[in-house]
Amino acid sequence: MDVTTPANTPWLIVGLGNPGPEHAGNRHNVGFMVADLLAERVGGRFKRAGKAQAQVVEGRIGPPGPANRRVVLAKPMSFMNLSGGPVNALKDFYKVPVANVVAIHDELDIDYGMLRLKLGGGDNGHNGLKSMTKAFGAEYHRVRFGIGRPPGRMQVADFVLKDFSSSERKELDYFVDRAADAVEALVIEGLERAQSTYNS
């Protein structure tokens, strides 16, 4: 965490995905899955956020005392390639600096279930990140959840919009739980310590 950012400044933690029950189990929706678990952990339920095209939960994570952090969990209800507008609206409404925004998203170039945490960088062809970067710049945190590459000649678009396979689903809960732990570590302990624990 930037030492110039006061400890009471909120964090905006965004799970990226597509709305609708038909997309709920898709690889592209793993950000929603992690956000849902984080909402459970803070004891909240997602609700529509005023005029913003998103659902939010407000809460706190971390132990009582100076490490406790105010968080706004969000799921944009636009489609993935339009995520930037709703996230930007929430960022401005809650007065969250860009460096306190965390995007949780699927990542093709990492093996299934592996995590990488980073600050800034390119979008690697991910439409949700592309939209966010266009809306407010690239200097936000990312929790990248590996989904691996499509098998054979399957198109990337088809692969990310398919549900996890039956073999992947056996470990999915564990990996989603670990990703939620990584988000909490990032917010409470800072990027470097979280990277040393969770970057695999």
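Shown are I188, V96, V187; of these, the side chain to side chain contact (heavy atoms under 4.5 Å, CB included) with W11 is made only by V187. With L186 as reference, V102 is the one residue of L119, I13, V102 to meet the side chain to side chain contact (heavy atoms under 4.5 Å, CB included) rule.
Residues passing the side chain to side chain donor-acceptor pair (under 3.5 Å) test with S166, sequence neighbours excluded: none. Scanning for side chain to side chain donor-acceptor pair (under 3.5 Å) contacts around R41 gives D177, D181, E184, with sequence neighbours left out. In this view, E40 satisfies the salt bridge (Lys or Arg N to Asp or Glu O under 4.0 Å) rule with no residue, not counting sequence neighbours. For D36, the salt bridge (Lys or Arg N to Asp or Glu O under 4.0 Å) criterion is met by K75, not counting sequence neighbours.
Aromatic ring pairs are classed by plane angle as parallel below 30°, tilted from 30° to 60° and perpendicular above 60°; the pair F175 and Y112 is perpendicular.
Looking only at distances, a side-chain donor or acceptor of S83 sits under 3.5 Å from a matching main-chain atom of M80. A distance-only check finds no donor-acceptor pair linking the side chain of Q55 to the backbone of K47 [under 3.5 Å]. Between the T133 side chain and the L129 main chain, a donor and an acceptor come within less than 3.5 Å of each other. Side-chain atoms of R69 come within 3.5 Å of backbone atoms of P66 as a donor-acceptor pair (strictly under, hydrogens ignored).
Across every non-hydrogen atom of A24 and N29, the tightest pair is O-CB, 3.9 Å. The shortest non-hydrogen separation linking L90 to A54 is CD1-CB, 3.7 Å. The shortest non-hydrogen separation linking A138 to G121 is CB-O, 3.6 Å.
Taking 4.5 Å as the limit, every side-chain heavy atom of N68 sits out of range of all side-chain heavy atoms of P63. P97 has its side chain within reach of T9: a pair of non-hydrogen atoms, C-beta onward, lies under 4.5 Å apart. L117 places a side-chain heavy atom less than 4.5 Å from the side chain of N199. Side chains of I104 and V183 form a contact here, defined as non-hydrogen atoms less than 4.5 Å apart. With contacts defined as side-chain heavy-atom distances shorter than 4.5 Å, the pair H141/V101 does not qualify.
With a 6.0 Å cutoff to the six-membered ring centre and a 45° limit on the axis angle, R149 does not count as a cation-pi contact of F159. Within the cation-pi definition used here (under 6.0 Å to the ring centroid, within 45° of the axis), R142 qualifies as a partner of Y140.
When hydrophobic side chains of Ile, Leu, Val, Met, Phe, Trp and Tyr are connected at separations under 4.5 Å, M114 ends up clustered with I110.
Annotation: E192, atom CD; neighbour count of heavy atoms from other residues, nucleotides and ligands within 6.0 Å does not exceed 12. By the neighbour-count criterion of 12 heavy atoms within 6.0 Å, atom NZ of K162 is sparsely surrounded, having that number or fewer from other residues, nucleotides or ligands. The number of heavy-atom neighbours closer than 6.0 Å to CZ of R193, taken from other residues, nucleotides and ligands shown, is 12 or below.
Screening residues 25-77 for ring-ring contact (aromatic ring centres under 6.0 Å, His included) gives H28-H126 as the qualifying pairs, with residues at least two apart or on separate chains.
R144 has no carboxylate O lying under 4.0 Å from a charged side-chain N of D106, or vice versa, which leaves the two without a salt bridge.
Side-chain N/O atoms of N18 and N26 include no donor and acceptor closer than 3.5 Å.
L172 and L16 end up in different hydrophobic clusters when Ile, Leu, Val, Met, Phe, Trp and Tyr side chains are linked at under 4.5 Å.
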